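Reviewing the structure listed below.
Remember, predicted model here, so these are calculated numbers, not experimental data. Below, chains carry the letters A, B, ... as their sequence lines are ordered, and counting in each starts from 1.
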Number of protein chains: 2
Amino acid sequence: MRMQQTQLKEPARIPSDPIQRAWIALGRVSQAIREDVELALKNARLPDITWYTVLWELERAAKPTRPKDLAIPLFILPYQLSRLVDRMEEEGLVKRIACPEDKRGHLLEPTPEGYEMRKRMWTVYAPAMDEAMKRIGDAEALQLAQLLNRLGGIDYPVPPKA
Amino acid sequence: MRMQQTQLKEPARIPSDPIQRAWIALGRVSQAIREDVELALKNARLPDITWYTVLWELERAAKPTRPKDLAIPLFILPYQLSRLVDRMEEEGLVKRIACPEDKRGHLLEPTPEGYEMRKRMWTVYAPAMDEAMKRIGDAEALQLAQLLNRLGGIDYPVPPKA
DNA sequence: GAGGCGTTGTTGCGAATGCAACAAACTCAG
DNA sequence: CTGAGTTTGTTGCATTCGCAACAACGCCTC
C-alpha cells in the first residue's frame with residue numbers, strides 16, 4: 001500500500017525569471033549606490049559608512065550600550081565590531097567604559113568628538129544619498145522600501161536615518 | 001543690480017523620509033539575502049559567488065574574453081579581477097591564453113573543470129537564491145527589478161542568470 | 001562553592017583587500 | 001622612426017578580514 005510520506009526534501013527549485021532579474025538588479029544596484037556614497041565620504045576624507053552607523057546607533061540608544069546590543073541591529077559579527085571599536089577608539093570617537101553588571105563586557109559611548117563627527121559625516125552622507133537615489137521619486141521609494149522589507153521579512157517600519 | 005548668478009553649488013539636499021527608508025532597506029536586505037546565498041555555497045564547500053559570475057560571464061561570451069571586457073559587466077576593478085583570475089587559475093578553473101592582437105593582455109577561457117564547476121555551483125546557487133527570495137512572488141519580483149533598474153539607471157533588461 | 005555550560009568579547013594567523021606605483025604594449029602626431 | 005601619452009594588466013605594501021581558538025565572566029545545578 002502506498003502512503004503519503006512526509007516530504008523530507010523539497011524539490012530543488014530553480015528561480016523563476018522574474019526572481020532572477022530581481023536578484024541581479026538587487027546585487028548590481030545596491031552595490032553601485034553604496035559605492036557612490038562611500039566615494040563621496042572618502043573624497044571628503046571622512047570615515048566609512050559603518051562608522052556612521054555605529055555612531056548613529058549609539059546616539060539613537062541615548063545611553064551607553066553594550067557591543068552585543070549593537071551587533072544585532074548593525075548586522076555585523078562580534079569580532080568585526082570588536083576591531084571596529086578598536087579603530088574608532090584610537091581615533092577618539094567612542095570610548096569603552098566599564099560595565100557594572102557584567103564584568104566581561106563594557107558599555108560603548110560616543111565621545112564629544114564622536115557626536116561631532118557623526119554630524120559632520122551627515123553633511124556629506126545626506127546629499128550623497130539623495131544624489132544616488134535621485135532617479136526615483138518619493139512614491140517609488142516608498143514602494144521600493146515596502147517590497148524590499150517584504151523580501152527581507154521585515155514587517156516593522158525601519159526608522160529613518162537622522 | 002542683482003543678477004541671476006549661475007548656480008555653482010546646488011543646495012545640499014536632505015533625503016526625504018521615503019528615500020531614507022528605501023536606502024536603509026536596500027542596504028539591509030541586499031546584505032541579508034546575499035549572505036544567505038553565500039552561506040549556502042560555503043556550506044557546500046563551493047567557491048564564492050564572484051567565481052560563479054566570472055565563469056558564467058565567460059560562458060555567456062562563448063569565446064575567450066579579455067579581462068577588460070569582463071571587468072565592466074562584473075562591476076569590479078582591474079586589479080581585483082587580476083588576483084581573482086590568479087586564484088581561479090591556481091584552482092584550474094580558467095586559463096589565460098595569449099592574445100594575438102594585443103601582446104600585453106590575454107584571453108580568459110574556462111577550463112573543462114571550470115564549466116563543470118559552474119554547473120555544480122548552480123545546483124546550490126539556484127535553490128539558495130530561490131529560498132532567499134521566497135517571500136515575494138513573481139509579480140512583485142518583476143516590479144522590484146523594474147524599480148531597482150530605474151534607481152540604478154539601467155534601462156536595458158538584464159539577462160537572467162542561467 | 002565547585003563544576004559544567006552558555007555568553008560575551010578579543011586575538012593570532014593566514015588570506016584577501018585597496019591603493020598607488022609600475023611595466024609593457026599600443027596609438028598617433030610630427 | 002621617435003617620443004609623448006594612453007591603455008591594459010600586475011604587484012608591493014600596509015591595512016583589513018574571516019575563522020577558529022581563546023580568555024573571562026555569568027548562570028545554574030548539585
Can you check the [X] [atom1] to [N] [atom2] distance for me, whole Å?
X: Gln31(A); N: dT17(C); atom1: CD; atom2: P; value: 13 Å
X: Lys68(A); N: dG6(C); atom1: NZ; atom2: P; value: 17 Å
X: Leu81(A); N: dT16(D); atom1: CG; atom2: C1'; value: 15 Å
X: Leu70(B); N: dG9(D); atom1: CG; atom2: C1'; value: 14 Å
X: Glu89(B); N: dG9(D); atom1: CD; atom2: P; value: 14 Å
X: Leu107(B); N: dG9(D); atom1: CG; atom2: P; value: 9 Å
X: Met88(B); N: dA16(C); atom1: CE; atom2: C1'; value: 16 Å
X: Glu101(A); N: dT8(C); atom1: CD; atom2: P; value: 12 Å

Whether [X] contacts [N] is assessed here as follows: a side-chain N or O lying under 4.0 Å from the phosphate OP1 or OP2. Is that the case?
X: Lys42(B); N: dG18(D); answer: no
X: Tyr79(A); N: dG18(D); answer: yes
X: His106(A); N: dT8(C); answer: no
X: Gln80(B); N: dG18(C); answer: yes

On DNA chain D, check which nucleotide each of Lys103(A) and Leu77(A) is closest to and give me the residue with the more 5' one.
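In this pair, the answer is Leu77(A).
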Just compare dA25(C), dT10(C), dC13(D) and give me whichever is closest to any side-chain atom of Pro78(A).
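Taking heavy atoms from C-beta onward, the closest nucleotide is dT10(C).
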Nearest listed nucleotide, side chain of Arg104(A), among dC26(C), dA24(D), dG9(D)
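The answer is dA24(D).
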How long is the straight-line distance from CZ of Arg13(B) back to CG of Asp130(A), given to the nearest 0.5 Å?
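It is 4.5 Å, given to the nearest 0.5 Å.
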Touch class at under 4.0 angstrom, heavy-atom based, for Arg83(B) against every strand present
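It contacts base atoms.
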Glu116(B)/Lys119(B) ion pair, N-O < 4.0 Å
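Salt bridge between Glu116(B) and Lys119(B), a charged N being under 4.0 Å from a carboxylate O: no.
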Residue whose closest nucleotide on DNA chain C lies nearer the 5' end, Arg87(B) versus Asp69(A)
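Result: Asp69(A).
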Please determine whether residues Ile49(B) and Met117(B) belong to a single hydrophobic cluster, defined as Ile, Leu, Val, Met, Phe, Trp and Tyr linked transitively by side-chain heavy-atom distances below 4.5 Å.
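The answer is yes; both residues are in one hydrophobic cluster.
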Backbone N or O of Asp86(A) within a donor-acceptor pair of the Glu89(A) side chain at under 3.5 Å?
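No, because the side chain of Glu89(A) does not come within donor-acceptor range (under 3.5 Å) of the backbone of Asp86(A).
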May I have the step-by-step check of side chain to side chain contact (heavy atoms under 4.5 Å, CB included) for Leu144(B) and Leu26(A), ending in yes or no?
CA-CA 9 Å; Leu144(B) 178 58; Leu26(A) 188 56; 5.5 Å; no
